[in-house]
Amino acid sequence: MCKRATIAITGTVQGVGFRPFVYKKATEMDLRGYVLNTGDGVKIDAEGDESRLEEFIHQVCNEAPTNAVIDSCDVTYEEPQGYRMFEICESAQGECDLKAIIPPDYAICPDCLHELQNKRDSRYHYPFINCVNCGPRYSIVKKIPYDRPNTSMDVFEMCPSCEKEYKNPKDRRYHAQPISCPECGPKLTLHRSNGSLLTEGYKAIETVAKLIAKGHIVAIKGVGGFHLVCDASKNRSVLKLREKKNRPQKPFAVMFRSVYDMMKCSDLLPEEEELIRSPERPIVLITKRKPHRLEKFCISCDGIAPGVNRIGVFLPYSPIHVMLMEQVKCPIIATSANISDEPIITDSAVLLEKLGDVVDYYLDYDREIVNPCDDSVAMIQDGSVQFVRKSRGFSPECIKLPVSLDKKVLAVGGHLKNTIAIGFGNNAAISPHIGDLSGIDTMEYFERTVKMFEGVYGFNPDVIVCDKHPGYESTKWAKAQGIPLLQVQHHYAHILSLMAEHQITGPILGVAWDGTGYGDDGTLWGGEFFKADLNGYERIVHFESFKLLGGEKAVKEPKRVALSILFDLYGEAALDLDIPLLKQFEKEEIFTLYEMHQKSLNAPLSSSVGRLFDAVAAIFDVVYTTTYEGETGLKMETLYDDCPLMSHYPFEIHNGVIYYKEIFKEMLKEPCKERALSKFINTLCHIIVAIAKEQKLPVGLSGGVFQNKILTTQLLELLNNYEIPYYIHQKVPPNDGGISLGQIIYAATHDS
Ligand code: ZN
Ligand code: FE
């Protein structure tokens, strides 16, 4: 009997080879009808033999292509139409539904890699090879539906042979929107730092390899922006890049030709290897092998990640990288081309303007990067992926919420590591990493991303959600929009983001530990225990507050926090202590700081665990002034010794306050610095366990402090030992990159 069904599929189903997959299945099963991209996914209309139709529906909904993610699959049965064949139709124009999702950029797939390296293939050594399973997506999209005229490939007219492939449903480039070949596609060019052309095409890649080997710094246009590249095995090149980029300490990411080469530097876990090889190709933070001497590909370890025992590694992901790595034969530093925390540079004119004196040469091409996308950074924590920065390969991303929104919501995120998100129904779409909103360029990028998201999703928010911090640029921007506003306490937003991604509604014991966030009482929170659910929270325990001498200045200078705590412990007698910390100040300065402490002048109160880490690092001669965010935690991890987990300092919790003075006094008695730091970390773990036992609730860990791998690993071991259930971040970063998601879900249960 002939039956007809229409199937509406939503999720990441555009730009991932879904329509050809449907076409193949339908023609194999002798069904007739059509498939097309719609604003909210893919629509299939198919008719034919009843049992084959059922099998077709089952396969389409359950055997999607590699990069597709199906969110929903709605089937309705209708009167047969008498279709004669099965077709792939042009995309439906017009009204875009809010649920549409732009696919992220994927690394070159094995099939394209094979063609790239095959001398007989027409795309041999072609730097822009791609297919339905791989290549640029979000980075080139201007609007949806995701079709070529709506991307920056619109200016390249397909040649007849590409067009043939594009139109052939049996071809693996059928409807591959960025399809091109050496005849008709973008061109690669190599320039000197004055802009003049040096060479083009494959020759440009060979030349770049030689320039890198000679010790030059070359900018290379990748997928989401430019990288600054140099030879990772040459200490001199690495130090030159540090000096020129004014980046004295912050670790650089290293691109390796193969996983085999990485294994010379680290004992990779199988999960790490899988993540490194994934089509998203993030930078993966792995632990350096000890001792740091590496035989053949001796990378400059001290130059790459000074004082840190982890390095960020990744594999080539664009065809340009692949060909370059074949030529270079050594690992290369590949760091985002930008000035400190500004957005990644995507355009050669801007590159020359901002980094003209840093780069010696630059490799460019003439396809516009519409949406900048930094490399994603991730690590394996507790056997699963945890993000530090979520961008290329993963973003934009749609997350299902545990509750439904009755309005359209725009969330503007935090201040550092900003992301934005939009929410509708039970979906939240999160932007790629935007960055530190202090800079004008980042703020511009922020506004462009908001526009981009609103445009792409055809979205006008009914409400905007922002942080309570009056000084955040995102808060100021939100207040200026003239749209109903909701403000969420920062640490509650952290905990909400965790509940959202795990699709739970609480109550949980939310532990929010980070650098700082604006507290309800006007002090700077960051060591909080909340009893929280989607409706609200109660701050049940927090760290005793201490003074940040000089406010913002103390955030950059851990030595000030350390001194403040020593004044708390010993008063003026702190100045008689025999520790190197005190030599970090001028005599005058130290007395001024003492005055500030005594009179509480420009000394805001904080309960932040991130700042306590800073204090410990400065007291024990690890870091006095930070040069990048998270530096103290990373360096303390490296010093963690084989101290048994049960060994910790005594701590005191009274009426919801954790008193830190005793812990510091005990620490100062410790003869060995490694032991003191290790027992400090253990103590933090035991504090969480003690409170969790009392509260008898599952524990939820959020906030940048939990990016500390040692702290989190030790803590989870303890929680497992005591059989306390816990949640950690797997979809959004524990840091402020997750704040926008937390803000979205806040709007589900709160009215403006
Ligand atoms: Zn062509
Ligand atoms: Fe935070």
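When a ligand or atom number is given, it counts from 1 through the structure's own listing order. Only this structure's heavy atoms are used, side chains among them; waters, hydrogens and symmetry mates stay out.
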Asks: Tell me which N, O or S atom of D736 sits nearest to the Fe ion (ligand 2).
Replies: OD1
Asks: Give a yes or no on whether the backbone of L549 and the side-chain of R560 come within a donor-acceptor separation of less than 3.5 Å.
Replies: yes
Asks: With a 6.0 Å cut-off on the ring centroids, do Y472 and Y518 count as close?
Replies: no
Asks: Does R242 make a cation-pi contact with F252 (under 6.0 Å, within 45 degrees of the axis)?
Replies: yes
Asks: If I take the Fe ion (ligand 2) as the centre, what angle separates the NE2 atom of H490 from the NE2 atom of H494? Nearest 10 degrees is fine.
Replies: 100°
Asks: Tell me whether H491 has at least one N, O or S atom under 2.8 Å from the Fe ion (ligand 2).
Replies: no
Asks: Do we get K390 above F387's six-membered ring, with its NZ or CZ under 6.0 Å from the centre and within 45° of the axis?
Replies: yes
Asks: From the N, O or S atoms in D514, identify the one nearest to the Fe ion (ligand 2).
Replies: OD2
